[in-house]
Structures are given as C-alpha cells and as structure tokens.
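For reference, the structure discussed in these notes is given below.
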Amino acid sequence: MALNPIKTCVLGVGLAGLTFHVPFVLALPELFTLTAVLERNPLTPGGKVQQRFGVTTKIYRTIEEVVNDPEIELVIVGTPNDTHYPLAKAALEAGKHVLVDKPVTKTVKEANELAAIAKAKGLVLYGYQNRRWDSDHLALKHLLSLSSSSPLSLGNLLEFESHYDRYRAGIRSSWKDSAGAVYDLGSHLLDQALKLFGRPARITAFIQNIRGVTKPEVDDIFTIYLHYNPGTPFSNQFTVLLRSHILSVKSPQLRYAVRGTKGMFTKYGLDTQEDQLKAMPSVSSILEPSYGQEPESIYGIVENIADDGVTITKTTWPSDAPGQYIGLFKNLAGAIRNNEELEVKWAETTQVIEMIELAYKSSAAGCTLEVSNL
C-alpha cells in the first residue's frame, strides 16, 4: 500500500545533514518530502540545500519556527551533539516524530526522558545508528551466521576486535573536535558490538587525549574492553575490544580482527558510502547498483585451521551485500506510517549511552566496572 510522503524537516546542514540525511529524504520521494531545514545563517536565499542539491525548501532559523509548523511530521536532528537532547525534546513535545543522530544524548537520564515523552504521545523516536548498514558489517554478520559445520566457520568466538582508526595530527574547524572520540566513533563501535553479542558483564576503558591539540578533557583515542562470562553468548569467556586511534599510520586501516576456536577473520578498509555521498552529483546515485559496493581490494580474509591443527587455509570473504543506509530510512517510514517494528530500538541506543558513561568512569578510576543486569 502506498504511503503518504512524510513531511520532514532536517535540523542542521553540516556534514550530518547534507551527507547522511537530506540525500536519503530526497532519494525516497514516495516516502518523504523535504518540507524544511533548520539553517541558522544561510548565505544565499536557497541556503546550502539548494546549493548542493538544487532543491528549494523552507528555511527556518530557529527550532521554535520548526515546531510551530503544523505541516512538519518528522524532525531529523543532525546538529552538534550537545544540542541533540533539547532539540529532540522540543520536537517530541510539539507532536513530531524524531530521528536523532548518534550519540542520541549525553546521558542515559536524557535518553530515558525522551523515550517517556515519545511513549506518552505515541510518537516514533529513532536513533540514527546507520553503521549497522555498512557493507563490512553486513559481511561480518553473514560470516558469523554460518553453521558450525561450515568449513569457513570461525567456531566459538574468543575475541572480537573492531576499529575506527585514522591519522589526523591537527584539528579540523569542526565542532566534532570538541565532542570526543568515544561519543563520536565509539557510538558506532559500541552499537555494532552490543547488537551482535548483547550486554557484557564488565567493562574496562582507556580514554586519552594523545595529541594535546584540544582541551585536555576532549578524548581523541580510546580502547574499550567488553567482558562476557561463559554462556553469554559463547560457552567460553569472550572479549570485545573496541578501539579508535587518531595517529594510526596505516592504509588501509584495520577494521576487524575476529578470533575463534576454528578460524580468524581479518578485514581492512571502510565502507564506501560516506565518500560516495559526499561526491555524488545527484541523489539518484543512491539507487544505482554501484552505490555502497566495496572494492575487492579490501574484502576480508578468513583463515581456518585444519583438523591436523597445523594447516591453515585462507579464503577471501567478499562483502557481497552493498552498504545500504537507505534501509534505515525505509524502516523509519514504515514505523511512522504502518507501525512497523523499529530496526534500531531506542532502548538499544540508550544502552550505547550507558556503556559510554561507564567507559568514562572506568577510565577515570583506572579499573574494570561491573555492568548491571537489566
């Protein structure tokens, strides 16, 4: 059944708005209509959206104008991290559905408050955890779903290592340099790990500002360990290692190193969607077969141990499924119009914030912390 397009306002026209939100709203006209954007200081009458995409839409300069527009049904929050909570709250209180970029809030308390408002008003509240639709992550999920009888099975996992590393000696003229790496990149790594393996028993974190080029309290590297007891999710003890280093001299960078009782998976390089979205001449490119396709040069490698305990075979593990952030937007529209189940549940995004808060506490105290049972 055809859906009436959801009248949408995107808050913010920086990297998030112009790269990760507006293109998908425009590429899915059967599901969304870009009714307005929030751009506080447009330099031209049509603003950045018209300049980038050739599209004319209403431009609001304040959140009050946005929430008082009765046409707007959905508000997408793509502004600096510290504004997510107040802007999402204002939109929900005005009766708008809300998609919030990661990290959804600064604290669990704020996330729970937004959830309560959405529930009371019967609104969809969705966390933008788009990296679940990365090509490398989809390839990894496929590998982990193999039967234990498969010759490519890794067996029971012993250690799962996931990275977002880069080399950047200086700072950018961006608010992201004051946000901290854990809230910025850790939100993605934690979300993927928690979705794959569930809630850990303990957490240990090492969080630092290694470059010294921003405020001392603004972290630019981190290593976070999630410790799982036997039986959750494997019969053996299991450790997740999540890491981001800002001074990593490597190309391509390590993405995954997954060790199991029967094999190991190693993957380098990043999903291509962000670079494609920045460079594409038209949003119609999102719908082309080449979109989200990963080059074979960065396919993963599976190494399996033979029954003799000595021989190792290597197999290329292709990223067959292209990256598809568009899947998140299709699910969002289905949830709003047809009450479809959310693929990114708010409780899951709240758990990410909980782990971030615990990680900072662990690092500050220099110790491992217990994670409470839900």
Side-chain angles (χ1 to χ4, degrees), residues 5-29 31-69 71-92 94 96-105 125-131 171-179 183-185 187-188 273-287 291 325-326 328-329 332-333:
I6 300 162
K7 295 177 180 178
T8 303
C9 178
V10 175
L11 308 186
V13 287
L15 173 64
L18 293 182
T19 304
F20 294 110
H21 300 309
V22 170
F24 293 98
V25 173
L26 295 177
L28 294 168
L31 300 180
F32 301 97
T33 298
L34 185 63
T35 300
V37 296
L38 176 65
E39 183 175 359
R40 297 195 184 277
N41 298 295
L43 299 179
T44 62
K48 290 184 178 180
V49 168
Q50 186 181 66
Q51 181 181 359
R52 174 68 177 88
F53 302 107
V55 172
T56 300
T57 188
K58 289 187 282 189
I59 298 176
Y60 289 133
R61 293 172 181 252
T62 68
I63 186 61
E64 289 76 21
E65 292 175 292
V66 173
V67 299
N68 287 324
D69 185 338
E71 271 197 303
I72 294 171
E73 302 172 85
L74 167 67
V75 170
I76 299 177
V77 181
T79 51
N81 294 352
D82 59 357
T83 67
H84 289 182
Y85 166 72
L87 293 178
K89 182 179 180 181
L92 289 170
K96 318 292 188 185
H97 303 288
V98 175
L99 172 66
V100 190
D101 214 327
K102 62 81 198 168
V104 291
T105 58
L125 178 59
Y126 204 117
Y128 187 72
Q129 293 291 354
N130 60 313
R131 295 292 180 176
I171 61 173
R172 301 169 295 174
S173 56
S174 166
W175 60 265
K176 283 184 175 289
D177 281 315
S178 62
Y183 275 103
D184 183 20
L185 299 174
S187 294
H188 290 309
Q273 290 179 88
E274 180 173 346
D275 287 342
Q276 287 180 313
L277 290 165
K278 289 176 179 176
M280 65 176 51
S282 167
V283 297
S284 62
S285 299
I286 293 171
L287 307 176
Y291 174 80
Y325 297 158
I326 200 169
L328 182 152
F329 287 89
L332 173 62

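No experiment lies behind these values; they were computed from the predicted model shown.
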Non-hydrogen atoms of Leu99 and Gly127 that approach each other most closely
CD1-C, 4.2 Å

Tell me, with the steps shown, if Tyr291 and Leu277 meet side chain to side chain contact (heavy atoms under 4.5 Å, CB included).
CA-CA 9 Å; Tyr291 174 80; Leu277 290 165; 3.8 Å; yes

Does the pair Val66 and Leu87 meet the rule for a side chain to side chain contact (heavy atoms under 4.5 Å, CB included), with working shown?
CA-CA 10 Å; Val66 173; Leu87 293 178; over 6 Å; no

Between CD on residue Glu274 and CG on residue Leu15, distance to nearest 0.5 Å:
5.5 Å

Name the one of Val98, Val104, Leu328 that satisfies side-chain contact (heavy atoms from CB on, under 4.5 Å) with Tyr126?
Leu328

In short, Asp101 meets Ala16 closest at the heavy-atom pair OD2-CB, 3.3 Å

Validation row: Gln129, His188 side chains within 4.5 angstrom (heavy atoms)
yes

Over all heavy atoms of both residues, which pair between Pro23 and Gly17 is shortest? Give the atoms and the distance, please.
CD-O, 3.8 Å

With a 4.5 Å limit on heavy-atom distance, are the side chains of Tyr325 and Arg131 in contact?
yes

I want to check something: taking the side chain as every heavy atom from C-beta on, are Lys102 and Asp184 in contact at a cut-off of under 4.5 Å?
yes

Lys58/Glu65 salt bridge by N-O under 4.0 Å criterion
no

Where the side chain of His84 meets the backbone of Val100, is there a donor-acceptor pair that is under 3.5 Å apart?
no

To the closest 0.5 Å, what do you measure between CE (Met280) and OG1 (Thr19)?
9.5 Å

Has the side chain of Glu71 got a donor or acceptor atom that lies under 3.5 Å from a matching backbone atom of Thr35?
no

For the atom pair CD (Gln273) and CG (Asn130), what is the distance rounded to the nearest 0.5 Å?
8.0 Å

Quick check against the 3.5 Å criterion: does Lys7 have a side-chain atom that pairs as donor or acceptor with the backbone of Leu34?
no

To check you understand the geometry: which heavy-atom pair defines the closest contact between Ile72 and Ala36, and what is its length?
CD1-CB, 4.2 Å

State, to 0.1 Å, how close Val13 and Lys48 come at their nearest heavy-atom pair, and which atoms those are.
O-CD, 3.4 Å

Taking side-chain contact (heavy atoms from CB on, under 4.5 Å) as the criterion, tell me which of Thr33, Val25, Leu31 meets it with Pro5.
Thr33

With the side chain counted from C-beta on, respond yes when Cys9 and Asp69 share a heavy-atom pair under 4.5 Å apart, and no when they do not.
no

Heavy-atom side-chain contact between Ile326 and Leu287 under 4.5 Å:
yes

To the nearest 0.5 angstrom, please state how far the CG atom of Leu38 sits from the CD atom of Glu64.
9.5 Å

Side-chain (Tyr128) to main-chain (Phe20) donor-acceptor, under 3.5 angstrom
yes

Is the shortest heavy-atom distance from the side chain of Ile59 to the side chain of Val37 under 4.5 Å?
yes

Rounded to the nearest 0.5 Å, what separates atom CG in Leu74 from atom OG1 in Thr8?
4.0 Å

Residue pair Leu18 / Val49, side-chain heavy-atom distance below 4.5 Å:
yes

Between Ile76 and Phe24, is there a side-chain heavy-atom distance shorter than 4.5 Å?
no

Closest non-hydrogen atom pair between Pro281 and Ser285, with its separation
CD-OG, 4.1 Å

